[in-house]
Amino acid sequence: EKDKAGLCNWAEAMCKYHVVAREVEPKILRLKESEKELNKAKKEQQNAEEEKDKVETALRALEQKLEEANGDMDRVKKDADTTEMKLNNAMTLIESLGGEGARWQELKREIDDKERDLLGDCLLACTFTSYLGPIGVSHRESYLSATKQLCKEIHVHTSETFDPVGMLADGADVLRWLEASLPADEFSVQNGALFASSFQTTRIPYVIDPQGQCVRWIQKMHGDAVSIPTSSPSFMDTLESAIARGVPIIVQNVDSNFGTSLDCILDRAQSPDGTADRYIKIGDRELEAAPGFQAILTTRLANPSISPENFAKCTVIDFTVTGNGLEEQFLGFLISRDEADLDRRRQELDEDVRRCEAKVKQLENDLLMRLSSHQGDILEDTHLIGVLADTKETTMRVAAQLREASITKRTIAETCEKYRHCARIASLLYFALCDFARQSHMYETSLEQFLAWLDESIETAATASSIAGRAANVLSELKRTVYLSAQYGMFEKDKDAWRLLMAVVCSDADRSRDVDHSGAGDSAILRSIIRMGKQHVKHKRKTVQWLSDEQWTNVLYLQQSGLFDNLLGGHQGLTGGSESKWKAWMNLEEPELTAPPIGATTASGATRTAGGSSGAHDARAGPKPTLHQMALVRALRPDRSRSAARVYVEQVLGSEFVASRAADLSKLVLSAGAGGGPAF
């Protein structure tokens with residue numbers, strides 16, 4: 001039974017196996033087929049992956065090549081952009097520097113010439129600052145010419161046209177001085193340069209300033225300047241305060257004897273770098289001078305006597321007003337008072353010109369600095385090229401503004417020139433007053449007083465439809481004001497002389513305006529008249545017996561002085577065929593009103609009648625007395641000299657200048673100011 005059971009179990013197992021095998025075997029076959037397919041797929045996958053790796057490797061190679069190609073393209077594009085930028089910058093540079101090459105070449109030649117002439121010019125500048133301050137402009141030029149000749153002999157080059165102002169200051173400084181009322185003539189500008197240069201040395205400026213115009217200029221330049229005379233009890237305290245605060249101090253009335261109170265300033269030590277030491281010793285104390293301190297010594301004496309020791313410690317500057325300087329000063333005064341709008345436009349224009357010139361100079365210097373300091377390729381510096389283009393554009397715009405300003409300034413100057421004659425006569429009248437003060441110190445007139453008279457003339461002159469007419473009215477009123485104001489304080493015996501001097505001054509000024517003003521001026525003729533009877537003459541045997549010895553000497557003097565060519569000979573001379581005419585003229589009661597038979601000598605060789613008209617005098621036209629006729633009256637009829645002078649004055653100035661006029665006491669009191677009236 002066990003065997004049957006085992007067989008049955010086996011049979012049952014076989015049946016189950018058969019059932020399972022019949023179901024599983026296909027699956028096993030399918031599994032094997034799937035495994036084959038799997039292996040085939042894996043092999044294909046492996047092949048695909050290998051192919052993929054090959055493709056990826058190729059792709060990476062292509063991508064690398066693409067990147068390299070893109071890099072090459074970027075570099076080429078960048079190079080193209082850089083080249084285009086350089087091309088544009090080059091075009092901009094060429095346009096911006098267009099015309100600068102010739103200017104820079106000329107500038108280089110000028111710099112080379114200046115470098116070659118630097119030693120000689122410095123020598124001339126040292127001569128100018130050390131020795132030429134106390135002398136006039138004409139002597140300055142002669143001394144500089146002599147120094148240039150000496151430099152030439154020792155083979156030291158100097159500039160052909162040496163300008164001491166250009167060596168000591170620049171144009172902006174000069175414009176700033178002029179804005180502070182420094183006269184615009186060459187002499188005054190040179191004095192301004194001397195004054196400014198003294199601040200760079202240990203030498204104290206010592207200003208000869210009889211009219212006080214330098215002090216007024218300094219006070220406008222340095223508004224905080226302290227002014228005090230050495231005689232003031234508080235002088236030392238004021239000096240110490242100025243040293244501590246660092247402000248200039250103007251020491252007034254420093255005459256020939258400087259005094260011990262100035263020793264502390266004059267003996268100021270010099271530091272190793274050549275500048276003034278910071279410390280000033282006052283007594284036993286040493287005070288530290290604050291920056292900006294400077295002592296300025298002034299005197300009202302026209303010709304002070306300075307010891308050699310003090311001269312070596314000072315820069316002596318003669319600021320005495322000159323004719324051209326005073327004329328420019330009066331012209332500016334007239335314009336500022338009578339044409340305020342025009343004067344304001346002129347000042348604004350000067351300020352614009354100064355600002356434009358300073359801007360152009362700054363731009364040019366900045367451009368040269370950038371170009372000289374640049375490193376590398378300049379065409380790659382876009383910022384520099386832009387700055388260059390802006391500089392060129394700004395320079396051109398400023399140059400156009402300067403051209404427009406020049407035209408406007410010329411128009412304004414032409415308008416101002418219509419007052420020139422008035423300013424010239426005002427200047428001549430002031431100097432005539434100064435010369436006339438030699439008669440008596442009581443006649444001295446300050447520049448401030450004369451400016452007050454000029455201001456009064458402007459206020460009281462009649463209006464006119466034109467500027468020329470207004471200027472003529474101001475001039476007429478000025479003559480009247482100066483004449484009346486000056487003669488109020490004169491002795492009666494000197495009034496005729498003042499009238500004559502004033503007429504001669506005005507006549508010479510009027511005559512200088514003529515295109516043809518040949519012949520001796522009235523001032524030279526007047527000097528000849530004054531010297532008549534005092535000047536030595538070469539005596540000859542008297543050939544006109546009806547003349548006295550004094551008259552004969554006077555005739556010889558007139559002949560030898562050149563005022564008359566043929567006073568003794570010729571058909572119009574005393575010894576010619578006109579003897580009866582001469583006798584008739586001399587016997588007239590008023591010979592000064594009738595033209596004499598002789599003509600006066602002119603520089604061109606022609607003659608004019610002493611009565612003023614060319615050729616023979618036409619009595620019906622009325623006499624025109626001149627100083628030539630007055631000279632003849634003085635020589636042959638000295639008793640009528642004063643009357644002849646009055647006739648001449650009336651002819652030149654008018655009848656109101658010879659008529660006696662009582663002093664206007666109310667006007668005198670008002671002119672004395674608020675300080676009190678005149679004493680009687």
Side-chain angles (χ1 to χ4, degrees), residues 125-126 128-131 133-134 167-170 172-173 176-177 180 182 191-209 212 214-300 304 306-319:
C126 291
F128 179 77
T129 56
S130 300
Y131 303 107
M167 284 289 293
L168 302 176
D170 56 23
D173 293 331
R176 190 169 63 255
W177 301 340
L182 180 71
N191 287 337
L194 283 170
F195 179 82
S197 64
S198 66
F199 283 84
Q200 310 301 323
T201 67
T202 57
R203 301 179 69 180
I204 306 299
Y206 179 73
V207 180
I208 302 172
D209 190 24
C214 180
V215 172
R216 292 191 294 272
W217 172 62
I218 296 172
Q219 289 173 341
K220 287 187 177 181
M221 285 286 294
H222 306 279
D224 55 352
V226 181
S227 181
I228 188 171
T230 55
S231 58
S232 174
S234 60
F235 173 74
M236 296 306 298
D237 294 336
T238 304
L239 176 60
E240 293 181 11
S241 174
I243 293 173
R245 293 190 296 124
V247 298
I249 180 171
I250 304 173
V251 185
Q252 296 181 340
N253 303 330
V254 180
D255 298 335
S256 302
N257 183 14
F258 281 19
T260 57
S261 58
L262 298 177
D263 290 343
C264 59
I265 302 175
L266 296 174
D267 297 335
R268 188 176 181 182
Q270 186 176 13
S271 59
D273 60 356
T275 60
D277 190 65
R278 291 186 304 145
Y279 295 94
I280 299 177
K281 188 173 183 180
I282 299 180
D284 297 333
R285 297 176 300 159
E286 280 192 352
L287 301 180
E288 182 179 0
F293 169 75
Q294 178 68 31
I296 305 163
L297 311 182
T298 66
T299 180
R300 287 277 188 167
I306 308 173
S307 65
E309 294 81 6
N310 290 332
F311 186 88
K313 299 175 183 178
C314 299
T315 299
V316 183
I317 309 172
D318 185 6
F319 249 98

Begin from the C-alpha positions of Q219 and I250 and carry the test side-chain contact (heavy atoms from CB on, under 4.5 Å) through to its verdict.
-> CA-CA 9 Å; Q219 289 173 341; I250 304 173; 4.0 Å; yes

Indicate yes or no for a side-chain donor-acceptor contact from S227 to the backbone of V251 under 3.5 Å, with no hydrogens or angles considered.
-> no

Can D237 and S234 be counted as having a side-chain donor-acceptor contact under 3.5 angstrom?
-> no

Correct closest heavy-atom pair for W177 and A196 would be CZ2-CB, 3.6 Å

Value rounded to 0.5 Å, distance of OG1 in T315 from CZ in F199 = 10.5 Å

Give a yes or no on whether the backbone of D318 and the side-chain of N191 come within a donor-acceptor separation of less than 3.5 Å.
-> yes

When rounded to the nearest 0.5 Å, the distance separating OG1 of T129 from CG of L168 is 6.5 Å

In this structure, OG of S130 is separated from CZ of R203 (nearest 0.5 Å) by 5.0 Å

Apply side-chain contact (heavy atoms from CB on, under 4.5 Å) to the pair S241 and V247, showing each step before the final yes or no.
-> CA-CA 9 Å; S241 174; V247 298; over 6 Å; no

Between atom OG1 of T230 and atom CG of L239, what is the distance when rounded to the nearest 0.5 Å?
-> 11.5 Å

Measure the spacing between OG1 of T298 and CD1 of I317 and express it to the nearest 0.5 Å.
-> 11.5 Å

Step by step, would you call H222 with D224 a side-chain contact (heavy atoms from CB on, under 4.5 Å)?
-> CA-CA 5 Å; H222 306 279; D224 55 352; 4.0 Å; yes

Hey, is the main chain of C214 close enough, under 3.5 Å, to the side chain of D209 for a donor-acceptor pair?
-> yes

Rounded to the nearest 0.5 Å, how far does CD of E240 lie from CD1 of I280?
-> 10.5 Å

Scan L266, V207, I208, N253 and name whichever one has a side-chain contact (heavy atoms from CB on, under 4.5 Å) with L297.
-> L266

Determine whether N310 and L262 make a side-chain contact, defined as any pair of heavy atoms from C-beta on separated by less than 4.5 Å.
-> no

Residues which pass ring pair (Phe, Tyr, Trp, His ring centres under 6.0 Å) with Y206, listed by chain and number, not counting sequence neighbours | F258

Donor-acceptor contact present, side-chain S232 to main-chain P229, <3.5 Å = no

For the residue pair L182 and G192, what are the closest heavy atoms and their distance?
-> CD2-CA, 4.4 Å

Heavy-atom closest pair (A295 atom, P205 atom, distance to 0.1 Å) is O-CD, 3.4 Å

Check against side-chain contact (heavy atoms from CB on, under 4.5 Å), R300 and D255 | CA-CA 8 Å; R300 287 277 188 167; D255 298 335; over 6 Å; no

Between W217 and F195, is the ring centre distance below 6.0 Å?
-> yes

